[in-house]
2 protein chains.
Amino acid sequence: MKQRVGMIDVAREAGVSLGTVSNVYNQPDRVSPATRLRVQRAIDRLGYVRSETARVLRGRPSRIMAIVVHDLANPFCIALVQGAEQAARRAGLGIMVCNSAGDPAEETRYASLLIEHRIRGALIAPTDSSGQSITAMRRSEMPLVVVDDSRPGRDACSVAVDDVLGGELATAHLLAAGHRSILFVAGPARLPQIQARSRGALRALARARLPASAVTQLDCEKMTVTAGRDAAARILGMRTLPTAVFCANDLLATGVLQRLFEAGIRVPEDIALVGYDDIEHAAAAAVPLTSVRRPARLMGAQAANLLIDKTSSASPVEHTHRQVVLRPELVARRSSSRPGMHVPARP
Amino acid sequence: MKQRVGMIDVAREAGVSLGTVSNVYNQPDRVSPATRLRVQRAIDRLGYVRSETARVLRGRPSRIMAIVVHDLANPFCIALVQGAEQAARRAGLGIMVCNSAGDPAEETRYASLLIEHRIRGALIAPTDSSGQSITAMRRSEMPLVVVDDSRPGRDACSVAVDDVLGGELATAHLLAAGHRSILFVAGPARLPQIQARSRGALRALARARLPASAVTQLDCEKMTVTAGRDAAARILGMRTLPTAVFCANDLLATGVLQRLFEAGIRVPEDIALVGYDDIEHAAAAAVPLTSVRRPARLMGAQAANLLIDKTSSASPVEHTHRQVVLRPELVARRSSSRPGMHVPARP
DNA sequence: AGAAATCATGTAGACCGTTACATCATCGAG
DNA sequence: CTCGATGATGTAACGGTCTACATGATTTCT
């Protein structure tokens, strides 16, 4: 069982001093080509690998960053992760994925794990608005980028989508198709994203000079397919059915679609349906789903790049927080098309 | 701008020595309750957090482990990650997710990143059979668990599914429904998993005393929805259509289903369809998809636990590699039901 | 009772593998 | 002979863990 081989061993093997080996890595041009080669050979011979652990301890920025999401089962989060992973990979970094599963306690636990590891920084899609873990991280001076939190906070970098506009787009689309009885199937009302989308719906009504009563809201505890099925069950129990349903999320919409289908209600003929996020699944559903697209991969990538810039700049003091707000986009598909003017099946 | 606070600061604040603070963490019962409390208070007051970096450098096992998958876009891999993440969380560890994107070079790059970081260990779903990165890791003595590689190697821990059985189950199911002209839409033929499923198909034929010609194979470069659409296009160009299609993967099956539908071919009436993996999406498809279920989350969790056990045992020398092989299971849904005996729509 | 052994607490100091910085040779040019 | 370059060396951090040892109080033995 051989001992771990360190820089000293390499130095001895190459017949130079410790510092020279370090220089070969960090200031190659300060070392004469001959010595450099000798050191290189020693490194290969011994199969030496630098210890990041020691480098970080010495003050170098870590090459690991983290992304904390609230639901790994949600394709939107997955897309965020993919985007971030891709950007990180380009910069030679690795990504730690933390699933808070919507539990603020888990989020906090992960936060302390990350702080203890002195990682490069974190992308965080906060679970609750209180932002306990965020303040914990900020206290530890860990670089942070907040993702998918629409509230305009000037005290941190963030990447988000204009959810008010998103809600407006969806609603306006349905209004334009003639719907005057729209149900907004919302997620937990405490989430700022949900509130924003709801405000967007109202704005659409105002723009169209229609009464606020044209949209009613139905809150759900979770934003999953199952929750969508439950919501649909509640819809079916209503005295008068809405003519259109706008869901806060494509998973909810998928659940609603399934349950309505089972009840023999046709989409879009009987009820028009619009989702949110435009996850990949949406286009391939039984009835291709109209949805408000949020560019998740792009968001992940932008957030990661923001963090990388932030932590690469030589002078971290003069850093100003940047807020990126992306525009959502309505993707019309069959689930909301007016009878007789079907959108072709091909996505 | 305050200086980072370390153990010495805590010690000074509590009026004890450095070692005592360390003992409060590592051997709490060696220090008197009074002192312990005093130290605790100092820690809280100063907002001190231990540096994992320093601990690892001193020889403590890291609290980060990694999982390397070949395609983050594949729900099967996501499920693996979810399982591993859950298990890791229970053990207080964090998971680093690395997407090799099917590129052995990336896999190797990640491998060295992981080694440099001296992480706890790695779960790896290898991209190519050569296993370059695996040998790199093994040379560095990093604990390893191979996931989803069916080849029986006694030189590493592994968690896999019996893919031969999986291929047999799917084929036998179709044979039992009377199909005698089955097409196996395979992935890259070099992948051992694909080879195993193919062998399974042959075994099913042998068991049923049918000629090997009852199953033909169609290779695809990738295993994505798009590849599935392309495969379907090729199928449509055949002189005589098969009566059943068995896809190496649910993504392929989804693509095939879409393309066949567009061509006006009904599933299962005209062609029966069976997928593999049983991703969540499969049950919710337009035509619920029959599939061979692989318990991905369980695999991820088991692999993670294997790794945790391995790295927690006091005596790492007397460790014997364990190979876990799980049984796949056929989940019959409408896409393969015989006309007239429909499985109910509800998944 | 006095010496010795036991015990609970703390302390001191040597690492772990790097990096940064100050120092020190060496040598040709002016 | 002094000056600058240039290249290599030595060493002090970084923030912990851990072993060995000092301290004093309490118990045990003779």
Side-chain angles (χ1 to χ4, degrees), chain A residues 2-40 42-43 46-64 112-113 115-119 140-142 314, chain B residues 2-40 42-43 46-63 112-113 115-119 140-141 314:
Chain A
K2 65 165 183 269
Q3 200 67 17
R4 276 224 69 82
V5 27
M7 257 194 186
I8 327 93
D9 303 300
V10 175
R12 209 178 348 250
E13 175 82 10
V16 295
S17 88
L18 180 68
T20 305
V21 181
S22 170
N23 282 336
V24 169
Y25 279 109
N26 304 316
Q27 272 108 16
D29 42 340
R30 284 183 108 94
V31 175
S32 73
T35 325
R36 210 184 312 164
L37 188 66
R38 212 143 37 90
V39 172
Q40 269 304 347
I43 288 170
L46 270 53
Y48 162 76
V49 259
R50 216 136 111 250
S51 158
E52 268 287 316
T53 324
R55 309 184 73 213
V56 171
L57 180 59
R58 200 60 187 71
R60 274 316 186 77
S62 162
R63 279 163 64 206
I64 296 184
S112 63
L113 180 68
I115 296 171
E116 286 178 16
H117 270 91
R118 309 284 194 267
I119 60 164
S140 78
E141 293 168 32
M142 171 174 300
Chain B
K2 65 162 184 271
Q3 199 67 18
R4 275 221 71 81
V5 27
M7 257 196 188
I8 327 92
D9 304 301
V10 175
R12 205 174 354 246
E13 175 82 10
V16 295
S17 90
L18 181 75
T20 305
V21 181
S22 170
N23 282 336
V24 168
Y25 280 107
N26 304 315
Q27 273 110 16
D29 41 340
R30 277 186 111 93
V31 42
S32 73
T35 324
R36 209 185 311 164
L37 189 68
R38 210 142 39 91
V39 172
Q40 270 304 346
I43 288 171
L46 270 56
Y48 163 76
V49 256
R50 220 137 107 248
S51 158
E52 268 287 316
T53 327
R55 310 184 72 214
V56 170
L57 181 58
R58 198 61 184 77
R60 273 315 185 77
S62 162
R63 280 162 64 205
S112 62
L113 180 67
I115 296 172
E116 285 178 17
H117 274 276
R118 309 283 194 267
I119 61 161
S140 79
E141 293 169 32

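Residue numbers start from 1 in every chain, and the chains themselves are labelled A, B, ... in the order their sequence lines are given, proteins ahead of strands. As the structure is a prediction and not an experimental result, all values here were calculated from the model.
- Which of dT11(C), dT9(D), dC14(D) sits closest to the side chain of L57(A) comes down to dC14(D).
- The shortest heavy-atom contact between L57(B) and T53(A) is N-CG2, 3.7 Å.
- Among dT17(D), dT18(C), dG16(D), the nucleotide with an atom closest to any side-chain atom of R118(B) is dT18(C).
- Taking all atoms of both residues into account, the shortest heavy-atom contact from V49(B) to R118(A) is O-NH2, 3.4 Å.
- Using a 4.0 Å heavy-atom cutoff across all strands shown, T35(B) reaches sugar-phosphate atoms only and no base atom.
- Between N26(B) atom CG and R60(B) atom CZ the span is 5.0 Å, to the nearest 0.5 Å.
- Close to dT11(C), at under 4.0 Å from its OP1 or OP2, lies a side-chain N or O of T20(B).
- Axis angle across the helix from dA1(C)-dT30(D) to dG30(C)-dC1(D), with five pairs used at each end and values rounded to 10°: 60°.
- Separating the CG atom in L46(B) from the CZ atom in R12(B) is a distance of 10.0 Å, to the nearest 0.5 Å.
- The distance from atom CZ of R58(B) to atom OG of S22(B), rounded to the nearest 0.5 Å, is 10.0 Å.
- Among the atoms of the strands shown, none is found under 4.0 Å from any heavy atom of V21(B).
- The nearest whole Å value for the distance from the CG atom in D29(A) to the P atom in dT6(D) is 11 Å.
- One interatomic measurement links the two molecules: CD1 of I43(B) to P of dG15(D), which rounds to 16 Å at whole-angstrom precision.
- In plain terms, the two heavy atoms of S62(B) and V56(B) that are nearest each other are CA-CG2, 3.7 Å.
- Look at CG on N26(A): it is 10 Å from C1' on dA20(C), rounded to the nearest Å.
- Contact check, Y25(A) against dA20(C): no side-chain N or O comes under 4.0 Å of OP1 or OP2.
- Taking side-chain N and O atoms only, R55(B) has no distance below 4.0 Å to OP1 or OP2 of dG16(D).
- The distance from atom CD1 of I43(A) to atom CE of M7(A), rounded to the nearest 0.5 Å, is 7.5 Å.
- With rounding to whole Å, Q27(B) atom CD is found 7 Å from dC18(D) atom P.
- The listed nucleotides are dG16(D), dA8(D), dT11(C); the one nearest the side chain of S32(A) is dA8(D).
- Residue M7(A) places its side chain closer to dT18(C) than to any other of dG16(D), dC18(D), dT18(C).
- Separating the CD atom of E52(B) from the C1' atom of dC14(D) is a distance of 16 Å, rounded to the nearest angstrom.
- The side chain of L18(B) has dG13(C) as its nearest neighbour among dG10(D), dG17(C), dG13(C).
- Judged by distance alone with a 3.5 Å cut-off, a donor-acceptor contact links the side chain of R58(A) to the base of dA13(D).
- Residue contacts for V56(B): at a heavy-atom cut-off of 4.0 Å it reaches no nucleic acid atom on any strand shown.
- Using a 4.0 Å heavy-atom criterion, one finds that V49(B) contacts the sugar-phosphate atoms exclusively.
- Rounded to a whole Å, the CZ atom of R30(B) is 13 Å from the P atom of dC7(C).
- Following rounding to the nearest Å, R12(B) (CZ) and dT11(C) (C1') show an atom-to-atom distance of 15 Å.
- Between R36(B) and dT9(C) there is no side-chain polar atom (N or O) within less than 4.0 angstrom of OP1 or OP2.
- When the side-chain nitrogen and oxygen atoms of R60(A) are compared with OP1 and OP2 of dA20(C), one or more of them lie within a distance under 4.0 Å.
- Of the options R50(B), R63(B), R55(B), a salt bridge (charged side-chain N to carboxylate O under 4.0 Å, His left out) to E116(A) is made by R63(B) and by none of the others.
- Backbone-only engagement by G6(A) is indicated by non-hydrogen atom pairs under 4.0 Å involving sugar-phosphate atoms exclusively.
- Of the candidate nucleotides dC18(D), dA20(C), dC16(C), dC18(D) has the atom lying nearest to any side-chain atom of S22(B).
- One finds a side-chain N or O of S17(B) lying less than 4.0 angstrom from the OP1 or OP2 phosphate oxygen of dT11(C).
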TODO: For the pair T35(A) and V16(A), evaluate side chain to side chain contact (heavy atoms under 4.5 Å, CB included) and give the outcome as yes or no after the intermediate values.
DONE: CA-CA 8 Å; T35(A) 325; V16(A) 295; 3.7 Å; yes
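- Atom-to-atom, CD1 of I115(B) to C1' of dG17(C) comes out at 17 Å; the value is rounded to the nearest Å.
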